[in-house]
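Order of appearance sets the numbers: ligands from 1, and atoms from 1 within every ligand. Heavy atoms only: backbone and side chains are in, while hydrogens, waters and symmetry mates are out.
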Amino acid sequence: MTETHTGVPSSYPPSPEFAAQSNATAALYDEAEADRLAFWAKQAQRLSWATPFTEVLDWSEAPFAKWFVGGKINVAYNCVDRHVEAGNGDRVAIHWEGEPVGDARDITYAELKDEVCRAANTLTELGLTAGDRVAIYMPMVPEAIVAMLACARLGVLHSVVFAGFSASALRARIDDAKAKVVITTDGQFRRGKAVSLKAGVDEAIEGLGEDSPVEHVLVVRRTEIDVPWTEGRDLWWHETVAKADTEHTPKAFDSEHPLFLLYTSGTTGKPKGIIHTTGGYLTQASYTHHYVFDIKPESDVFWCTADIGWVTGHTYIVYGPLSNGVTQVVYEGTPASPDEHRHFQVIEKYGVTIYYTAPTLIRTFMKWGRELAFEHDLSSLRLLGSVGEPINPEAWRWYRLVFGGDRTPVVDTWWQTETGAIMISPLPGVSDAKPGSAMRALPGISAKVVDDDGNELGIGAEHGEQATGYLVLDKPWPAMLRGIWGDPERYQDTYWSRFADKGWYFAGDGARYGSDGETWVLGRIDDVMNISGHRISTAEVESALVGHTGVAEAAVVGATDDQTGQAICAFVILKAHHAETEPDKLVDDLRAEVSKEISPIAKPREIHIVPELPKTRSGKIMRRLLRDVAEGRELGDTSTLVDPSVFEAIRASK
Ligand code: PRX
């Protein structure tokens with residue numbers, strides 16, 4: 001391992017033991033390089049096609065791609081039936097762990113198939129046909145996955161809306177997609193309490209008045225709390241699906257038939273309904289899951305801690321793992337329910353081998369302290385993954401050491417709702433991993449870091465000279481979004497106009513190359529600050545701050561400054577044992593730390609010690625709001641915050 005000046009490794013090569021058994025080999029890069037389309041055609045053979053495709057890619061109407069042209073396939077058949085037909089019906093598909101301790105269920109592939117068929121028969125009876133839309137507003141219960149697969153089986157598009165969203169957010173999504181059916185639960189357990197969900201659905205539909213497209217609401221009983229009921233429109237799952245026939249013959253759909261919509265926020269207030277289609281999406285979901293997570297379906301227990309309300313849940317809870325026939329854990333609740341031991345207990349209970357989570361949760365575990373983890377046997381873990389935001393090197397190392405016993409590979413996976421599946425990540429067993437870098441594009445994927453004019457940046461130094469640029473995807477990929485629901489122009493403007501002359505997709509992220517040509521994603525371009533003409537990423541400053549032993553979490557924003565254009569404002573949460581340190585001294589130490597780690601120009605103008613950071617329900621820090629605080633403005637929209645009251649404490653710290 002190469003060491004940094006501080007004595008910790010800067011790069012982690014694969015261990016010989018891992019490399020000897022890994023699914024991926026270096027040959028995969030060569031194969032994809034030699035003939036990209038032939039490579040993807042081969043990956044598509046991981047799936048069972050009812051009608052073979054005749055052309056791999058039709059890019060003649062760019063940026064509207066067609067992958068695996070002429071092919072016909074059923075996604076649910078590939079995720080469920082074929083595993084049963086192959087004799088693996090008794091394999092557990094889902095170890096479901098409810099939030100209340102002891103509330104757990106194992107579902108085999110054979111049982112999952114029966115459930116999916118029942119739900120497909122019920123949805124057909126409700127009049128749904130291919131091309132219709134269904135909104136799914138559910139907590140992490142098995143029926144949510146069954147509902148998604150039942151839609152896929154029928155060629156009906158699901159639009160999963162995160163159950164933490166408000167009724168008005170749900171209403172906007174139902175309305176935009178014109179969903180005919182909403183599938184929900186009576187309520188959900190959150191931190192030990194049963195809270196209503198169905199009431200929110202009613203409120204959402206009521207708000208649509210006469211124009212409501214919703215014909216039926218299908219309700220799973222989960223918490224047994226009282227629910228409002230509209231006769232004729234509302235139906236119980238246990239009175240319909242549970243009684244339906246388990247025989248259902250899947251029909252094959254065109255490779256480009258839309259599979260689902262998933263709404264994501266853009267730069268404007270209106271969420272975008274990202275469209276994903278069938279054959280290309282499933283191919284890349286299955287391929288990336290197999291190689292990036294080194295899946296061995298006979299022995300692995302995979303756990304992705306995301307929620308099905310986000311793309312990570314779609315691709316790495318539903319379509320990736322199930323298309324690969326692996327056993328996985330699905331957990332309903334929050335990590336601290338009933339206490340901070342829960343994730344470690346679940347890993348121990350099921351012998352989880354692969355654990356995939358977000359840096360924000362890793363930093364929360366760091367805040368809680370490593371002693372928690374050391375009380376549990378985590379030796380079943382053999383691979384760890386990270387997704388959602390740049391991971392600071394300290395969190396990466398902590399994750400590998402505390403979760404992985406300093407032996408497991410860690411894959412930092414870069415992708416987006418729009419890309420559908422992982423794009424940039426180390427291949428475990430093949431690639432060296434540098435903490436904080438997603439390394440390089442996967443075989444078959446092409447990404448570049450370019451300047452304003454589209455010139456590729458040079459190979460950068462790890463510290464010191466930091467040329468940052470735009471992350472672009474310069475070749476189409478199978479799981480790429482096919483558009484924005486109802487707004488093809490917005491699709492072109494948002495993603496394809498920045499480098500229109502080159503025909504590249506601009507991801508919205510800033511990035512740079514490291515000394516070995518690896519990619520360091522620095523976060524959204526709007527999170528890149530410009531200080532006296534120097535480009536500095538919020539993520540880099542945050543990483544430096546979190547590198548200080550006293551800091552648990554940090555958020556950095558660029559605030560307007562008369563002199564320097566922008567100045568850096570930092571908000572930090574301290575670790576418990578540091579709370580008593582003299583604040584002034586600590587702030588000086590932190591400024592010195594940033595200066596040392598990056599450059600004196602990156603020294604924050606202000607550092608505020610705060611008790612909490614404003615986060616969305618998906619765990620993303622809302623920097624926009626911190627910028628408002630830093631610049632002394634009225635706060636913008638706080639409706640997506642978990643706890644809007646954090647601002648009183650943050651303001652008090654100023
Ligand atoms: O800024 C990048 C960041 O998350 C954005 C995509 O967010 P979303 O569509 O919600 O999907 C998240 C889960 C795939 C990206 O534009 N991002 C995601 N993964 C990473 C990341 N930034 C750095 N490193 C990552 N591994």
Ligand 1-proximal atoms of [X], by part, heavy-atom distance under 4.0 Å:
| X | answer |
| --- | --- |
| T417 | both |
| I424 | neither |
| P390 | both |

In the protein, which heavy atom is nearest to atom 15 (C) of ligand 1, and how far is it?
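Nearest protein contact, heavy atoms only, for atom 15 (C) of ligand 1 is D509 OD2, 3.2 Å.
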Subset of ligand 1 atoms that lie under 4.0 Å from at least one heavy atom of [X]:
| X | result |
| --- | --- |
| T312 | 13 (C), 14 (C) |
| T413 | 19 (N), 20 (C), 25 (C), 26 (N) |
| G388 | 3 (C), 4 (O), 17 (N), 18 (C), 19 (N), 20 (C), 21 (C) |
| V521 | 22 (N), 23 (C) |
| V387 | 13 (C), 14 (C) |

Honestly, is R400 close enough over Y12, meaning NZ or CZ under 6.0 Å from the six-membered ring centre and within 45° of the axis?
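Because its charged atom misses either the 6.0 Å distance or the 45° angle limit, R400 does not stack over Y12.
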Could you state the interatomic distance from [atom1] ([X]) to [atom2] ([Y]), rounded to the nearest 0.5 Å?
| X | Y | atom1 | atom2 | result |
| --- | --- | --- | --- | --- |
| K448 | T519 | NZ | OG1 | 12.0 Å |
| W520 | Y513 | CH2 | OH | 15.0 Å |
| Y495 | R490 | OH | CZ | 7.5 Å |

Does a side chain donor of either Y263 or T417 reach within less than 3.5 Å of an acceptor in the other side chain?
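Result is no, nothing qualifies.
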Any chance the side chains of S323 and N78 put a donor and an acceptor closer than 3.5 Å?
no
Report the member of K620, E418, E389, Q416 with the shortest heavy-atom distance to atom 20 (C) of ligand 1.
E389
On the 0 to 90° scale, with breaks at 30° and 60°, tag the W496-Y491 ring pair as parallel, tilted or perpendicular.
perpendicular
